[in-house]
Amino acid sequence: MSNTRLRFAPAPTGSLHLGSARTALFNWLAARGLGGELILRIEDTNAELSKPELIDNIYRSLDWLQIEFDGEPVRQSERTDLYNDAVEQWLSDDLAYVDDGAVRFRVPTEGVTSWYDLVRGNVSFENEHIEDFVVRRADGTATFFTANAVDDFELGITHVVRGEDLINVTPKVLMLRRALGASDTPEFAHLPLIVNEQRKKLSKRRDDVALESYRERGVLAPAMINYLALLGWGPPDDIEVRPIEEIISLFELTDVNPSSAMFDLKKLEAINAEYIRAMSPEDFSHALTPWIKEESWGAVVGADELLKVAPLIQERTKVLSEGPAQLDFFFLTNPEFDEAAWTKVMRSDEAPLILSAVKTAVAEVKWDSTALHEMLRSIGEQHGMKLGKAQAPLRVAITGRSVGPPLFESMQFLGRETVVQRITAAQQKLDTNKPIDSP
RNA sequence: GCCCCCAUCGUCUAGCGGCCUAGGACACUGGCCUUUCACGCCAGCAGCACGGGUUCGAAUCCCGUUGGGGGUGCCA
């Protein structure tokens with residue numbers, strides 16, 4: 001039986017922060033790799049942080065990422081007696097004293113407090129630079145230091161994996177741990193910070209740090225996990241996009257890079273796109289459904305219909321939220337013409353010719369994408385145009401845009417009648433716009 | 001100010017004294033493929049912050065400089 005035990009200890013301050021998510025992930029990876037336990041400890045040391053909705057948000061985010069914990073979550077709000085006992089003990093041992101109603105810990109004025117950090121090597125602080133810090137507030141509640149030290153000790157935590165922003169609280173916590181009677185020191189691993197383009201720690205104010213918002217944009221959980229794992233760590237074989245099981249078996253805390261890592265949305269999206277492409281059409285279509293349902297035209301779209309068109313955009317989709325804009329023309333009765341696309345391709349002399357030729361041919365042609373393909377190829381040829389050029393006006397007529405999913409497959413789905421209607425609509429717009437002095 | 005941490009392509013990283021004329025990925029550029037876009041493929045651009053050591057040999061070890069970041073609450 002293993003005695004290894006790690007913990008992820010978020011403070012419920014709103015939507016789970018990207019940095020917290022990465023910390024949770026690394027704790028999980030380390031715990032799995034070490035064959036140890038991982039517990040979730042909610043640091044809700046004050047009533048403000050104890051709100052059910054904030055706690056739920058943490059559960060929901062962790063659940064989405066599929067990071068699993070052992071046992072029931074530990075709530076610091078339910079352990080105040082433990083913290084109080086510890087403070088009382090320090091007081092009676094004269095390791096702490098009362099100051100303005102609060103209790104401060106006596107920090108030695110000499111010596112150093114140090115530890116060997118799994119990601120940074122030796123880190124040491126001279127005690128003379130550490131002030132007598134508060135362990136219990138005047139209102140009687142325990143501070144972060146106390147709760148942290150008591151819980152890590154009582155819970156038998158062997159590995160503390162957390163952000164580098166907490167590196168300077170470590171000596172304090174170590175002192176308290178000793179004052180608690182502990183003779184051992186847990187392993188520490190201080191993870192590099194995740195920073196923005198300005199190289200500043202990701203913050204709620206400046207940056208989009210809510211894990212939730214990436215989920216809402218249509219980032220897949222496995223892709224998010226995969227990307228987060230790459231922030232501060234890299235596989236030795238250079239294969240970055242891979243199943244979580246492989247990441248678990250390759251991951252080592254001692255391999256974590258100590259320097260801060262910039263959050264790169266482009267790379268996240270590239271990885272997400274790769275995960276999307278790897279999905280089965282059924283899974284992709286299913287995953288896309290919530291985004292479709294949000295559209296005014298989406299409510300009536302059936303699962304079977306969606307499954308027919310979703311594969312046409314699958315390899316063109318980086319995040320699921322891009323789905324509706326790519327598919328709307330399939331379901332809108334009168335999709336609008338994009339003006340830029342219209343002026344780009346419809347002003348040519350050939351455009352009206354292509355349109356009318358297609359409209360005629362379409363009445364007869366066998367209704368499948370291969371036949372439609374051949375039809376347009378031959379019409380284009382008659383006008384001395386390559387297929388790439390000939391499809392442009394037709395695409396704008398039918399989809400309203402100059403780019404989109406494969407045209408003939410799209411036409412096949414829309415059906416003969418709709419295709420004729422849309423070509424007619426485009427012809428009318430062409431006539432309306434025609435300059436008066438034109439022949 | 002003081003304390004602590006960090007320093008390989010624009011970005012994320014591999015490298016842990018010779019295999020490095022530094023590898024991969026994202027981004028970017030060019031080309032091929034092609035019904036647009038995308039995918040895929042090929043090619044290209046681009047980096048060991050600087051200065052001293054140590055060593056036969058340093059991206060790799062040590063020191064310093066510079067630069068960046070974090071912390072400095074009776075927040076966590």
Side-chain angles (χ1 to χ4, degrees), chain A residues 9-13 20 43-46 48-49 76 99-104 117 119-121 123-126 128-131 133-145 147-148 162-171 190 192-195 197-201 227 229-241 254-255 257-271 273-274 277 312-318 326 341 345 369 372-374 376-377 380 386-396 399 401-411:
Chain A
T13 54
S20 299
E43 308 224 321
D44 55 344
T45 47
N46 66 56
E48 188 77 1
L49 299 176
Q76 290 191 326
D99 170 42
D100 273 335
V103 177
R104 287 183 184 275
D117 198 278
V119 343
R120 287 153 215 280
V123 181
S124 79
F125 288 76
E126 290 189 43
E128 63 172 316
H129 291 128
I130 301 172
E131 74 292 353
F133 55 95
V134 173
V135 291
R136 186 169 71 193
R137 301 184 188 95
D139 67 4
T141 59
T143 59
F144 167 76
F145 310 110
N148 207 272
R162 59 176 26 154
E164 193 203 335
D165 49 345
L166 292 173
I167 202 164
N168 63 159
V169 315
T170 302
H190 286 94
L193 260 20
I194 299 180
V195 299
E197 305 70 22
Q198 284 76 240
R199 294 252 129 215
K200 305 247 192 242
K201 180 168 85 157
Y227 176 66
L230 265 16
L231 254 28
W233 177 81
D237 58 8
D238 279 340
I239 301 171
E240 293 185 326
V241 179
T254 50
D255 288 339
N257 189 328
S259 50
S260 51
M262 194 194 89
F263 184 78
D264 185 350
L265 184 61
K266 284 249 185 75
K267 182 141 182 174
L268 202 215
E269 291 189 341
I271 289 174
E274 207 168 315
R277 274 179 249 127
L312 299 179
I313 63 157
Q314 188 164 353
E315 67 179 23
R316 296 166 173 75
T317 306
K318 292 201 290 286
Q326 296 183 89
V345 308
S369 59
L372 288 163
H373 183 297
E374 176 52 30
L376 189 66
R377 193 202 57 74
K386 290 201 167 166
L387 191 50
K389 186 129 186 266
Q391 60 91 44
L394 186 56
R395 175 180 295 280
V396 171
T399 73
R401 306 192 189 94
S402 56
V403 300
L407 186 57
F408 309 118
E409 286 80 349
S410 299
M411 289 166 75

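Here is how names work: the chains are called A, B, and so on, in the same order as the sequence lines, proteins then strands, and each is numbered from 1. Everything quoted here is computed from the prediction, not taken from an experiment.
- A side-chain donor-acceptor contact under 3.5 Å links A:Arg316 to the backbone of A:Leu312.
- Using a 4.0 Å heavy-atom criterion, one finds that A:Pro405 contacts the bases of the nucleic acid, with or without backbone contacts as well.
- Between B:rC6 and B:rC61, the two P atoms lie 12 Å apart (nearest whole Å).
- Note on A:Pro258: only backbone sugar-phosphate atoms sit closer than 4.0 angstrom, heavy atoms only; bases stay farther off.
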(message) Between A:Thr141 and A:Arg137, is the side chain to side chain donor-acceptor pair (under 3.5 Å) condition met? List the steps.
(response) CA-CA 5 Å; A:Thr141 59; A:Arg137 301 184 188 95; 2.7 Å; yes

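- For the P atoms, the distance from B:rU8 to B:rC42 is 29 Å, rounded to whole Å.
- Taking atom C1' on both B:rG40 and B:rU34, the two are 11 Å apart, rounded to the nearest angstrom.
- Panel note: side chain A:Asp117, backbone A:His190; a donor-acceptor pair is recorded below 3.5 Å.
- Spacing of C1' atoms, B:rC20 relative to B:rG47, comes out at 13 Å, to the nearest Å.
- Distances from the side chain of A:Asp264 to the nucleotides B:rC4, B:rA38, B:rC26 place B:rC26 closest.
- Counting any heavy atom pair closer than 4.0 Å across all strands shown, A:Arg120 reaches sugar-phosphate atoms only and no base atom.
- Judged by distance alone with a 3.5 Å cut-off, a donor-acceptor contact links the side chain of A:Glu240 to the base of B:rG24.
- Close to B:rA76, at under 4.0 Å from its OP1 or OP2, lies a side-chain N or O of A:Thr45.
- Positionally, the nearest nucleotide of RNA chain B for A:Trp233 lies more toward the 5' end than for the other of A:Ala9 and A:Trp233.
- OP1 or OP2 of B:rC74 sits under 4.0 Å from a side-chain N or O of A:Arg104.
- Summarising the base pairing, B:rA43 is matched to B:rU29 through a Watson-Crick or G-U wobble pair whose two defining distances lie under 3.5 Å.
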(request) Begin from the C-alpha positions of A:Glu240 and A:Ile271 and carry the test side-chain contact (heavy atoms from CB on, under 4.5 Å) through to its verdict. (result) CA-CA 9 Å; A:Glu240 293 185 326; A:Ile271 289 174; 5.6 Å; no

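- If you take atom C1' in B:rC62 and the same atom in B:rC3, they sit 23 Å apart, rounded to whole Å.
- For A:Gln391, counting side-chain heavy atoms from C-beta on, the closest listed nucleotide (B:rU8, B:rG23, B:rU35) is B:rU35.
- The side chain of A:His129 contributes no N or O atom lying less than 4.0 Å from OP1 or OP2 of B:rC2.
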(request) Decide yes or no on side chain to side chain donor-acceptor pair (under 3.5 Å) for A:Arg162 and A:Thr170, but give the supporting numbers first. (result) CA-CA 11 Å; A:Arg162 59 176 26 154; A:Thr170 302; 3.0 Å; yes

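- If you check every strand for non-hydrogen atoms under 4.0 Å, A:Thr317 touches nothing.
- In this structure, B:rA22 makes no Watson-Crick or G-U wobble pair, since no nucleotide meets both defining distances under 3.5 angstrom.
- A donor-acceptor contact under 3.5 Å is not formed by the side chain of A:Arg277 with the base of B:rC39.
- Judged by distance alone, with hydrogens and angles left aside, A:Lys267 brings a side-chain donor or acceptor within reach of the base of B:rA25, the pair sitting under 3.5 Å.
- The phosphate of B:rG67 has neither OP1 nor OP2 within less than 4.0 Å of any side-chain N or O from A:Arg199.
- When the C1' atom is used for both B:rG15 and B:rC48, the distance is 10 Å, rounded to whole Å.
- Within the shown strands, B:rG71 is the pairing partner of B:rC2 under the Watson-Crick or G-U definition, both distances less than 3.5 Å.
- Contact annotation: A:Asn257 reaches the phosphate of B:rA14 (side-chain N/O to OP1 or OP2, under 4.0 Å).
- For the C1' atoms, the distance from B:rA58 to B:rC19 is 15 Å, rounded to whole Å.
- In this structure, A:Glu274 does not pair ionically with A:Arg277, as no charged nitrogen and carboxylate oxygen lie closer than 4.0 Å.
- Summary of the strand contacts: A:Glu43 and A:Arg316 both lie near RNA chain B, and taking for each the nucleotide with the nearest heavy atom, the more 5' one is attributed to A:Arg316.
- Set against B:rC26, B:rG69, B:rC39, the side chain of A:Lys266 has B:rC26 as its closest nucleotide.
- In this structure, A:Glu409 reaches the bases: a heavy-atom distance under 4.0 Å links it to at least one base atom across the strands shown.
- The partner of B:rA49 is B:rU65, by the rule that a Watson-Crick or G-U pair needs both atom distances under 3.5 Å.
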